[in-house]
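Here the structure is laid out as structure tokens; the discussion comes afterwards.
So you know, we letter chains A, B, ... as the sequences are listed, proteins then strands, and number each from 1.
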Number of protein chains: 2
Amino acid sequence: MKDILEQLKQQGYKLTKPREKVLEVLMHNHFAISAQDIHQKIKIIDKASVYRVLNLLEEFGLVNIENVNNEKLYCLARDPHHHVICKKCGYSEEVACTYSFDDFKNFINVQHQLTLTGLCKKCSN
Amino acid sequence: MKDILEQLKQQGYKLTKPREKVLEVLMHNHFAISAQDIHQKIKIIDKASVYRVLNLLEEFGLVNIENVNNEKLYCLARDPHHHVICKKCGYSEEVACTYSFDDFKNFINVQHQLTLTGLCKKCSN
DNA sequence: ATAGCTATTGCAAATGATTTGCAATTGTGA
DNA sequence: TCACAATTGCAAATCATTTGCAATAGCTAT
């Protein structure tokens, strides 16, 4: 986490409580989590600020994003991996990222976002 | 298109104008398009109905979905492929889908949704 | 330490995509 | 053609995310 905060600081961004807190939650949460749920865990921080921090992290490619039920789920971009997420209950499991891209001729700064959704065993009964 | 409508009919769904019109737009549009833009092209159909049709198609796995700027983009699921989409202007190009999944032990009915976003040449100046 | 400048925050209100309740309409099978 | 259930259009509600702005808090130089 220090790494990331330092990295941001080097870019001229201040080291603030919202940034620290949101990163803390992401650090301790190995699965994809929504902005709403992050805010739930750190109510001291305003929801708008949670969104602002997440957008900053996204801009720097520091988080992976997945979309489930019209809501973005965030996860720190450690090793490239994704999640299978149950559409009903939200249960998820890690999946290694095996995707490799050719270079894009006409695009720069391409980021990918893979969302795998399905029904977990429990919910499929 | 007849195929899809027939397929739905076989499942007990009625053959209605909204379903026909939305499919028509998707047929003629090889790139990812938003519900809003679909509605723009067929204003006779209510926006709510456009959404209902799209959700139905999604349920049946007949469309691929990508997420750009908090908005879902739909594309008929013909051959497995995706799009690189410019975050700024919306310009997009097709990309073959090279993703292959292992079987999932604890999930069924897994669908994948891959979104590639970046900046196109024009917008990167 | 302090002062001062600017980035960042919290708050409340706005936005915008998507969903929903319900009465009216329409497709389908008899 | 009739009757019934599914589906629509409309308007209002939801819900995630964004934004304007005044107040606050980092950071740098003194």
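Shown here are the side chain to side chain contact (heavy atoms under 4.5 Å, CB included) partners of B:N109, two or more places apart in sequence or in another chain: B:Q111. Partners of A:H81 by ring-ring contact (aromatic ring centres under 6.0 Å, His included), not counting sequence neighbours, listed by chain and number: A:H83. In terms of the ring-ring contact (aromatic ring centres under 6.0 Å, His included) criterion, B:Y74 has no residue partners (sequence neighbours excluded). Residues forming a ring-ring contact (aromatic ring centres under 6.0 Å, His included) with A:H28 (at least two apart in sequence, or on another chain): none.
If you measure from atom CD1 of B:I33 to atom C1' of C:dA17, you get 15 Å, rounded to the nearest angstrom. Between the CG atom of B:N70 and the P atom of C:dG16 there is a distance of 12 Å, rounded to whole Å. Distance CG (A:D37) to C1' (D:dT17): 15 Å, rounded to an integer number of Å. One atom, CG of A:N69, and another, P of D:dT14, lie 18 Å apart when rounded to the nearest Å. Separating the CG atom of A:L5 from the P atom of D:dG26 is a distance of 13 Å, rounded to the nearest angstrom. Atom NZ of A:K9 is separated from atom P of C:dA7 by 16 Å (rounded to the nearest Å). One can place CG of A:N67 at 15 Å from P of C:dA17, the figure rounded to the nearest angstrom. The interatomic distance linking A:L8 (CG) with D:dC27 (P) rounds to 12 Å, in whole Å.
Dashed line: the shortest gap from a side-chain N or O of A:Y51 to OP1 or OP2 of D:dT17 is under 4.0 Å.
Residue A:L73 shares its hydrophobic cluster (ILVMFWY side chains chained together at separations under 4.5 Å) with A:V68, A:I85. Residue B:I108 shares its hydrophobic cluster (ILVMFWY side chains chained together at separations under 4.5 Å) with A:L119. Residue A:F31 shares its hydrophobic cluster (ILVMFWY side chains chained together at separations under 4.5 Å) with no other residue.
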Distances under 3.5 Å only, N/O to N/O: pair up the protein atoms with those of nucleotides 6-10 of chain D.
{"from": "D:dA6", "atom 1": "O4'", "to": "B:K14", "atom 2": "NZ", "distance (Å)": "3.3"}
{"from": "D:dT7", "atom 1": "OP1", "to": "B:K14", "atom 2": "N", "distance (Å)": "3.4"}
{"from": "D:dT7", "atom 1": "OP1", "to": "B:R19", "atom 2": "NH1", "distance (Å)": "2.9"}
{"from": "D:dT7", "atom 1": "OP1", "to": "B:R19", "atom 2": "NH2", "distance (Å)": "3.1"}
{"from": "D:dT8", "atom 1": "OP1", "to": "B:T16", "atom 2": "OG1", "distance (Å)": "2.8"}
{"from": "D:dG9", "atom 1": "OP2", "to": "B:D46", "atom 2": "N", "distance (Å)": "3.3"}
{"from": "D:dG9", "atom 1": "OP2", "to": "B:S49", "atom 2": "OG", "distance (Å)": "2.5"}
{"from": "D:dG9", "atom 1": "N7", "to": "B:R52", "atom 2": "NH2", "distance (Å)": "2.7"}

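Between the side chains of B:N67 and A:Q113, not a single donor N or O lies within less than 3.5 Å of an accepting N or O.
For the segment residues 54-66 of chain B, the set of residues with a heavy atom within less than 4.0 Å of an atom of DNA chain D is empty.
With contacts defined as side-chain heavy-atom distances shorter than 4.5 Å, the pair A:H30/A:R78 qualifies.
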List the atom pairs, donor and acceptor, that lie under 3.5 Å between side-chain atoms in residues 51-64 of chain A and the rest of the protein, sequence neighbours left out.
{"from": "A:Y51", "atom 1": "OH", "to": "A:Q36", "atom 2": "NE2", "distance (Å)": "2.9"}
{"from": "A:N55", "atom 1": "ND2", "to": "A:Y51", "atom 2": "O", "distance (Å)": "3.4"}
{"from": "A:E58", "atom 1": "OE2", "to": "B:K87", "atom 2": "NZ", "distance (Å)": "3.3"}

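Helix bend of the helix from C:dA1-D:dT30 to C:dA30-D:dT1: the angle between its two end axes, each built from five pairs, comes to 50° after rounding to 10°.
Pairs of residues two or more places apart, or lying in two chains, never qualify as salt bridge (Lys or Arg N to Asp or Glu O under 4.0 Å) while including a residue from residues 35-48 of chain A.
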